[in-house]
Amino acid sequence: MKCLIIAEKPSVAADLARALGKLPKKGDHYENDEYVISSAVGHLVGLQMPEDIDKKKYGFWRLETLPIIPEKFELMPLPESKDRYEQLKKLLARKDVTRVINACDAGREGELIFTYIYQLTKCKKPFQRLWMSSMTNEGIREAFNHLRTAEQMQGLADAARCRSEADWLIGINGTRALTKRMFGSRAGNVASVGRVQTPTLAIVFNRELEIRNFVPRGYWRITAEFGISKGNYEGVYQRPDFKKSDDEHDRIDRIWQQAQAEAIVAACQGQPWAEVSEERKASTQAAPRLYDLTTLQREANGRFGFPAKRTLQIAQALYERHKMITYPRTDSRALPEDYMPLVRQTLANLSGDLRAHAARVLEAGWVQPNKRIFNNAQVSDHFAIIPTQHEAKNLDEAEAKLFDMIARRFVAAFHPAAEFDITTRQSVVAGHSFKTEGKVLTSPGWLAVYGKTTVDDDAPDSKALPALTPEDRARARTREARLHAETTRPPPRYTEATLLSAMEGAGRLVDDEELAEAMKERGLGTPATRADTIEGLVNQKYLDRNQRELVPTAKAEQLLQFLTAVKADDLTSPAMTGEWEFHLREMEHGKFSREKFMAEIVKETKGIVERVKGFEEDDSVARVTDILSPTDGRPLRETLRGYKSQDGELMVYKIIGGRRMEEAEIRELVEKRQVGPLDGFISNKTRNRFSAVLKLVLAEEEKKDGPVKKWKTEFDFGDKTDLGALTPFWTDPASGAQLCENGSSYVLRERDGEGWKQTFRLGRIMCQKAIPQEQAIKMVAEGKTDLIQGFISKKGRPFDAFLKREGPRMAWEFPPRKPKLDKDGKPIERKPRAKADLSQATVLGESKVHGGELVELGDAYYVRKPDQDNRQVFKLSKKLCEVEIPVAEVKRLLEDGRSGLIENFVSKRGNKFSAYLVLAQKQDKAEFEFPPR
């Protein structure tokens with residue numbers, strides 16, 4: 001009789017087969033006399049969707065069919081993984097399989113994956129739970145020695161089911177109700193909501209409102225330069241009357257009245273003496289704690305710009321494929337108290353520049369009981385992320401960066417605190433006090449692991465002061481006092497790093513102490529799901545990425561304003577998620593019943609749907625504007641979604657083309673019948689920005705009873721205009737060609753017989769920068785504009801450029817790059833890249849298109865020209881976007897100009913995609929070509 005082991009992924013199944021005695025592979029599973037090992041591929045089974053329950057009733061989204069509350073949640077195989085489900089179903093039904101082990105990932109989602117498979121296959125065989133935190137052979141065998149029973153896992157299984165069913169009820173009903181009320185039957189618009197994603201979106205949007213409503217205030221700071229016998233130092237003025245208040249912008253060095261600031265500067269003129277006093281104290285800085293997933297994601301985003309999902313993917317690869325770190329989906333930053341021997345072994349196994357630091361830890365005996373590191377009370381399902389004893393091999397650049405972060409933090413955690421000497425110096429001149437702080441690293445401690453070992457005046461942790469000597473007699477000469485006029489700044493937008501912190505600490509936004517405590521443990525979502533939540537908000541067009549900033553879209557504003565209007569604020573508040581997490585955690589430990597939890601969710605769902613269905617906007621209480629409607633001559637009213645005439649004949653929406661319209665723009669549109677060109681409209685298909693003139697027109701529409709006239713807004717790109725009807729603003733004296741404004745463009749028209757033809761076109765807004773008429777004239781007359789500053793690239797980066805005319809086309813010309821400067825302000829010389837020595841490469845074949853040899857060397861394929869001293873004419877990395885490129889595909893690429901379709905590439909944002917490789921135009925590299933959608 002045999003035991004069937006079901007892992008979550010094929011790679012884990014392979015690891016289990018290796019650890020249990022190198023089981024031979026039979027088809028898609030591993031098998032010997034004792035075990036059969038197979039796997040899912042993530043979720044294989046899901047809850048039936050409404051259209052699966054009753055296609056006739058729920059196939060179309062209708063308000064009258066809501067709420068949808070199934071009496072029993074039925075399961076179904078997910079279409080994309082149905083074959084894998086059928087394989088497991090057959091294995092579970094085998095007569096020689098008498099027991100089952102759930103080896104899915106150790107956590108709530110892993111439990112759900114197995115539970116749903118077990119339920120849908122109607123399996124009745126006894127099962128046990130394998131709970132792994134390390135994928136090394138030793139870690140796997142240790143987990144097999146401590147299998148958990150089905151009874152022990154019942155609470156976790158119940159919590160997993162409840163989470164899934166609750167998300168279904170809130171998500172399906174909330175999304176359908178809000179979509180129908182907000183967008184009606186407009187195709188392609190879905191107002192998706194969820195218990196984690198909507199409060200997360202609200203956090204980002206509330207920050208955007210803070211920025212939008214922020215009113216900057218001017219203040220003044222004073223710095224003074226003082227001279228003593230050993231050199232000069234700078235001091236910052238300190239207000240004597242400063243007291244902490246509710247004003248978050250008030251600081252001890254900020255003066256709010258200009259006259260007062262100028263009077264202080266005046267008192268410091270003439271180089272008067274300052275009385276100097278100082279005090280010294282020793283300070284320490286403890287080593288940072290070990291990583292949990294959220295901290296790792298946050299720091300990787302800050303250091304390398306990795307999106308949270310990308311960091312999780314890399315960590316998962318380091319855990320599963322390379323076996324080099326422990327389980328990454330953890331919310332713990334501590335290790336079990338019996339892990340000290342394993343820690344010593346792991347330290348002894350580290351290589352590279354960490355070897356010396358790890359040896360120092362072992363020689364000094366620094367691996368000792370320490371509650372910041374070894375703490376059973378802070379270890380939940382999993383412990384902190386640390387290296388395993390597997391040696392680093394074949395890591396790509398991103399994997400190497402992340403592994404170094406984890407390993408370096410691991411070694412640093414066992415080092416003593418860094419020690420500093422801090423000198424605080426007060427210089428009082430004419431009764432006004434100036435403060436100077438010096439900080440000198442005296443003992444690096446854990447900072448040595450990060451390369452900080454000596455006193456360095458240029459290091460951010462060190463700032464040495466010139467020492468006072470007896471000859472100074474506790475006095476300094478005031479060399480100069482400077483006044484700095486500054487303004488308060490709004491809070492910064494969220495990045496993925498800061499949003500992860502906000503999600504993790506969302507309990508601070510909850511007043512109820514018990515709920516806040518539940519969220520203290522989990523926050524909004526879990527470490528394993530937060531990355532997907534952020535990615536989901538981007539994919540659903542609620543957030544845009546602007547470099548590292550996350551910016552809420554007009555769609556996000558629309559949704560959250562509507563939720564407020566219908567009093568469905570529960571969906572935007574972390575309190576609801578806090579309450580759910582509190583009860584789910586209780587359920588995991590057998591302290592809360594599944595039935596009671598689901599009854600509360602059903603009640604909440606019905607309440608949301610009733611409020612959305614019953615909402616009627618009262619136009620009579622809407623704000624009356626001073627914009628007169630062309631339909632009845634009376635002022636427009638500002639409603640939830642737009643500006644509406646009192647006779648109901650005109651409605652100008654606040655969100656047009658994915659762009660939020662300002663009231664001043666609405667006023668100009670209504671009064672002049674057009675506005676713009678305006679930038680910042682967003683294409684619904686490509687998510688690219690575009691600019692356009694917006695027009696208000698009275699258009700004829702066909703109805704059943706005949707044509708009717710209706711006011712509507714439309715974009716004007718200038719492509720439907722008669723060139724002869726345009727008004728020129730410049731005429732070329734030589735050729736008679738004329739420049740005109742046409743919609744969102746400048747066009748150059750020339751005579752074509754009796755009519756006109758267009759010979760050149762230039763956008764009036766390019767890369768978010770308005771192009772003045774005089775620059776358009778200069779471009780046509782002289783062939784090139786002046787240097788225009790302040791363009792913004794698609795990635796949100798500012799740049800400067802010239803615009804050139806090349807026949808009928810416009811081209812960019814960029815000024816020479818400014819050289820990077822060193823700390824002394826001198827240009828840093830760029831080192832030329834080292835060329836590969838292709839004489840040592842292995843020949844794989846020929847490349848007829850290049851007339852050379854296909855070779856491999858290191859981590860890349862090349863084409864070399866043997867008759868030209870092995871000159872490199874083509875290069876392709878062996879590993880592209882996490883996929884190893886086979887030699888056969890490289891040969892096909894060079895022979896046909898295109899490879900076959902290659903699957904499972906992973907983008908920088910962590911999304912999988914398929915693509916062909918095609919030869920670039922210069923044939924020196926390969927480029928992606930994507931199959932039609």
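Computed from a prediction, not measured in an experiment: that's the story for all the values here. For reference, positions follow the sequence shown, starting with 1.
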Tell me which pairs pass salt bridge (Lys or Arg N to Asp or Glu O under 4.0 Å) where either residue lies in residues 118-131, with sequence neighbours left out.
Glu111-Arg129
With side chains defined as the heavy atoms from C-beta onward, is the minimum distance between Pro70 and Ile53 less than 4.5 Å?
yes
Tell me whether the centres of the aromatic rings in Tyr327 and Tyr319 are closer together than 6.0 Å.
yes
Are the side chains of Glu557 and Pro552 in touch, meaning some heavy atoms are under 4.5 Å apart?
no
When you check the gap from the basic side-chain N to the acidic O, do Glu496 and Arg298 get nearer than 4.0 Å?
no
Evaluate Arg310 against Asn301 for side chain to side chain contact (heavy atoms under 4.5 Å, CB included), listing each step before the verdict.
CA-CA 9 Å; Arg310 176 79 175 126; Asn301 180 255; over 6 Å; no
pair Gln197-Gln540: side-chain heavy atoms closer than 4.5 Å:
yes
pair Arg530-Glu504: side-chain heavy atoms closer than 4.5 Å
yes
Lys567 versus Phe615: any side-chain heavy-atom pair under 4.5 Å?
no
Ion pair Asp15/Arg18, N-O distance below 4.0 Å:
yes
Classify the angle between the aromatic ring planes of Trp168 and Phe73 as parallel (below 30°), tilted (30 to 60°) or perpendicular (above 60°).
perpendicular
Does the pair Arg99/Glu34 count as a salt bridge with the N-to-O cut at 4.0 Å?
no
Residues in side-chain contact (heavy atoms from CB on, under 4.5 Å) contact with Leu75, at least two apart in sequence or another chain:
Val45, Leu47, Tyr116, Gln119, Leu120
Salt bridge check: are Glu31 and Lys2 linked by an N-O gap of less than 4.0 Å?
yes
Does anything in residues 72-88 form a salt bridge (Lys or Arg N to Asp or Glu O under 4.0 Å)? List the pairs, not counting sequence neighbours.
none
Considering only heavy atoms from C-beta outward, does the side chain of Val193 approach that of Ile608 to under 4.5 Å?
no
Are Ile6 and Phe114 side-chain neighbours, meaning at least one heavy-atom pair lies under 4.5 Å?
yes
Carboxylate-amine/guanidinium contact Lys180 Glu64, below 4.0 Å
no
Can we say Glu588 and Arg108 salt-bridge, meaning some charged N sits less than 4.0 Å from an Asp/Glu carboxylate O?
yes
